[in-house]
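Report on the structure given below.
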Amino acid sequence: MKLDGVPSRTIWLEPDGWSVGIIDQTLLPHKLERPSLKSVEDAARAIKSMQVRGAPLIGVTAAYGVALAMRVDASDASLDRTVAFLGEQRPTAVNLRWALEDLRATLMPLAPGVRAVAAYARAAELADEDIETCRKIGVNGLSLIRDIAAKKGGQPVNVLTHCNAGWLACVDWGTATSPIYHAHDAGIPVHVWVDETRPRNQGAALTAFELLQHGVSHSLIADNAGGHFMQQGDVDLVIVGTDRVTANGDVANKIGTYLKALAAHDTHVPFYVALPFSTIDWRTEKGSDIPIEERGEDEVLRMQGRLPNGEVSSVLISAEGTHARNPAFDVTPARLVTGFITERGICPASREGLQSLYPEKVSAAA
Ligand code: MRU
């Protein structure tokens, strides 16, 4: 996707050949800064503070974090320590564990002297693979939008999305946004309802920003407005991303996703979840077994924005002394999900549906 007209990725190797460039997503949309990660500690901090966020991008950042660690100490003990350290930065997105397990399995059989080079190569492969996977998700999801467009006779297809499962959450394309970008690029009129996504406002700050950059028609809405628009017949389709799908098809995603799924179910609006294979947790049976990240109360008590002097700052929105709870994700039961859009195709949101697209996982478990 493009930033100020320039094709961009969310993570890259810097010209020095070892430090890792990222977009600081905590400052968007008001400031576009591209800091460099120079150590595994930098990578961990970027993941925890959400300079990088979104399940696929967290995984790729962790892979580069391992490479940064291997430059300094490539011993077995360091590799194990690094995998454990990075893995504890955010608990819900299973892509983090997936990427770290991949890196560990790739590096452990190698001699320590070649591990750093191999880690950089594998991290780059994961980044490229993520782009191709998201592209395919878009091609598959495009068929849903195309079908609706055909029935609407030229009227825009209204898609509602929650949080940011866009290219900023991946390396490029996004998951939930990829079908939207593909539809837009194919000339299909599409309009996106963007949930603001309190408390961190990923919809307002990130999804609206990237849709604007790509020229896709969209309207920002308060989190509480989605059900109303569904009742009014103004939503044709919901597409969200996910941080983890369990073996039975339950979906963990940004807090508030469950409420959108309930409203969609009640109003008979199709509710799809877009995901890459790396977000399926075959080892976890059901949604209630997923660890839900609890973040600091300041994210709820305060709001960040741009002051008239251009400075990005946060303000208190409740009385001094008020306390808050801040679960970052919720679980949408599979029964509320119309289907999964994956790089291999679209399937029902169920164990059987997932297994029909990934039959090798059935035989691996047998
Ligand atoms: O807390 P975040 O911003 O990392 O949460 C992101 C989401 O919930 C996304 O919807 C999910 O990771 C899918 S990203 C393609």
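Nothing here was measured: the structure is a model prediction, and the numbers come from that model.
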How long is the span from the CG atom in L211 to the CE atom in M1, to the nearest 0.5 Å?
10.5 Å
Please answer whether the main-chain N or O of L357 pairs with a side-chain N or O of R344 as donor and acceptor at a distance below 3.5 Å.
yes
Please report the interatomic distance OG1(T207) to CD(E196), rounded to the nearest 0.5 Å.
12.0 Å
Just by distance, do the side chain of R115 and the backbone of M108 share a donor-acceptor pair under 3.5 Å?
yes
Just checking, is any N or O donor in the side chain of S36 or E14 under 3.5 Å from an acceptor N or O on the other one?
yes
Are L3 and I180 grouped together when hydrophobic residues (ILVMFWY) are joined by side-chain heavy atoms under 4.5 angstrom apart?
yes
Can you tell me if CZ on R146 sees more than 12 non-hydrogen neighbours from other groups inside 6.0 Å?
no
Under 3.5 Å, is there a donor on one side chain and an acceptor on the other for Y181 and E210?
yes
Checking N326 against E297: is there a side-chain donor and acceptor pair closer than 3.5 Å?
no
So, do W98 and F277 have ring centers that fall under 6.0 Å from each other?
yes
Salt bridge (Lys or Arg N to Asp or Glu O under 4.0 Å) assessment of R325 paired with E299:
CA-CA 9 Å; R325 285 285 307 273; E299 292 182 356; over 6 Å; no
Please evaluate residues R122 and E125 with respect to the criterion salt bridge (Lys or Arg N to Asp or Glu O under 4.0 Å), reporting the C-alpha separation (whole Å), side-chain torsions for both, the decisive distance (0.1 Å), and the verdict.
CA-CA 5 Å; R122 186 64 188 138; E125 263 172 25; 2.5 Å; yes
Donor-acceptor contact present, side-chain S178 to main-chain T175, <3.5 Å:
no
Check R351 with E285, please: is the shortest side-chain N to carboxylate O separation under 4.0 Å?
yes
Considering residues, nucleotides and ligands other than K2, do more than 12 of their heavy atoms fall under 6.0 Å from its NZ?
no
Between D172 and R135, does any NZ, NE, NH1 or NH2 come within less than 4.0 Å of an OD or OE carboxylate oxygen?
no
Minimal heavy-atom distance between L107 and A118, with the atoms involved, is CD2-CB, 3.8 Å
Enter the distance from R71:CZ to S39:OG here, rounded to the nearest 0.5 Å.
10.5 Å
Would you indicate whether the side-chain heavy atoms of K260 and T257 approach each other to under 4.5 Å?
no
Without swapping roles, check the side chain of D330 against the backbone of I255 for a donor-acceptor pair under 3.5 Å.
no
Using side chain to side chain donor-acceptor pair (under 3.5 Å) as the criterion, point out the one residue from K151, K152, Q155 that pairs with D236.
K152
N/O donor-acceptor pair under 3.5 Å between D234 side chain and M230 backbone
no
Under a 3.5 Å distance rule, please check whether T322 uses its side chain to pair with a backbone N or O of S318 as donor and acceptor.
no
Nearest non-hydrogen partners of P291 and P91, listed with the distance:
CG-O, 3.6 Å
Assess, by modelled atom type and distance only, whether the side chains of N253 and T242 contain a donor and an acceptor separated by less than 3.5 Å.
no
Do the side chains of V20 and I11 get nearer than 4.5 Å, heavy atoms only?
yes
Given a cutoff of under 4.5 Å between side-chain heavy atoms of I, L, V, M, F, W and Y, with clusters grown through shared members, what are the other residues clustered with V300?
none
What distance separates L13 CG from S19 OG, expressed to the nearest 0.5 Å?
7.0 Å
Just by distance, no angles: are the side chains of D185 and H214 close enough, under 3.5 Å, to form a donor-acceptor pair?
yes
Under 3.5 Å, side chain of Y120 to main-chain N/O of W18, donor-acceptor pair present?
yes
Please tell me whether T133 and D130 have a donor and an acceptor in their side chains that are separated by less than 3.5 angstrom.
no
Donor-acceptor check, side chain of T92 to backbone of A252, threshold 3.5 angstrom: yes or no?
no
Take a 6.0 Å sphere around OH of Y258 and say whether it holds more than 12 heavy atoms from other residues, nucleotides or ligands.
no
Going only through I, L, V, M, F, W and Y residues with side-chain contacts under 4.5 Å, is there a path from V194 to M303?
no
Hey, is the main chain of T284 close enough, under 3.5 Å, to the side chain of D289 for a donor-acceptor pair?
no
Under the salt bridge (Lys or Arg N to Asp or Glu O under 4.0 Å) rule, what do R9 and D128 come out as? Steps first, then yes or no, please.
CA-CA 10 Å; R9 289 183 174 198; D128 289 346; 2.8 Å; yes
Would you kindly say whether T197 and D195 are connected by a side-chain donor-acceptor distance under 3.5 Å?
no
Would you say I145 and L237 make side-chain contact, with heavy atoms under 4.5 Å?
yes
Please test T332 against V337 for side-chain contact (heavy atoms from CB on, under 4.5 Å), starting from the C-alpha separation and ending with a verdict.
CA-CA 8 Å; T332 299; V337 179; 3.9 Å; yes
Does the Lys NZ or Arg CZ of K136 fall within the cation-pi geometry relative to W173 - under 6.0 Å from the ring centre and within 45° of the axis?
no
Any chance you could measure S8, atom OG, to W167, atom CH2, to the nearest 0.5 Å?
5.0 Å
So how far is it from D223 CG to K254 NZ, rounded to the nearest 0.5 Å?
11.0 Å
May I ask you to check whether F271 and H265 place their ring centres under 6.0 Å from each other?
no
Extract all donor-acceptor atom pairs below 3.5 Å that involve side chains of residues 50-64 and protein atoms in other chains or at least two apart in sequence.
from : atom 1 : to   : atom 2 : distance (Å)
Q51  : NE2    : D24  : OD2    : 3.2
R53  : NH1    : Q25  : OE1    : 3.1
R53  : NH1    : N164 : OD1    : 2.9
R53  : NH2    : N164 : O      : 2.8
T61  : OG1    : L57  : O      : 2.7

Give a yes or no on whether the backbone of E311 and the side-chain of R306 come within a donor-acceptor separation of less than 3.5 Å.
no
Nearest non-hydrogen partners of P276 and N95, listed with the distance:
CG-ND2, 4.3 Å
Side chains of L103 and L126 in contact at under 4.5 Å (non-hydrogen atoms)
yes
The residue among N140, I137, L354, I280 that forms side chain to side chain contact (heavy atoms under 4.5 Å, CB included) with F340 is L354
Would you indicate whether the side-chain heavy atoms of K31 and L28 approach each other to under 4.5 Å?
no
Tell me whether R90 is salt-bridged to D243, with the criterion being a basic N under 4.0 Å from an acidic carboxylate O.
no
Could you report the tightest heavy-atom contact between L37 and A43, atom names first, then the distance?
CD1-CA, 4.0 Å
I'd like to check V315 versus Q304 (side-chain heavy atoms, cut-off strictly below 4.5 Å). Are they in contact?
no
Nearest heavy-atom neighbours spanning S78 and D73:
OG-O, 2.6 Å
Between A149 and I188, which heavy-atom pair has the shortest distance, and what is it?
CB-CG2, 3.6 Å
V331 versus I292: any side-chain heavy-atom pair under 4.5 Å?
yes
Taking the side chain as C-beta and beyond, is there a heavy-atom pair between V190 and P156 under 4.5 Å?
no
In plain terms, say whether R244 and E293 are close enough for a salt bridge, that is, a side-chain N and a carboxylate O under 4.0 Å apart.
no
Partners of W193 by ring pair (Phe, Tyr, Trp, His ring centres under 6.0 Å), sequence neighbours excluded?
H191, F229
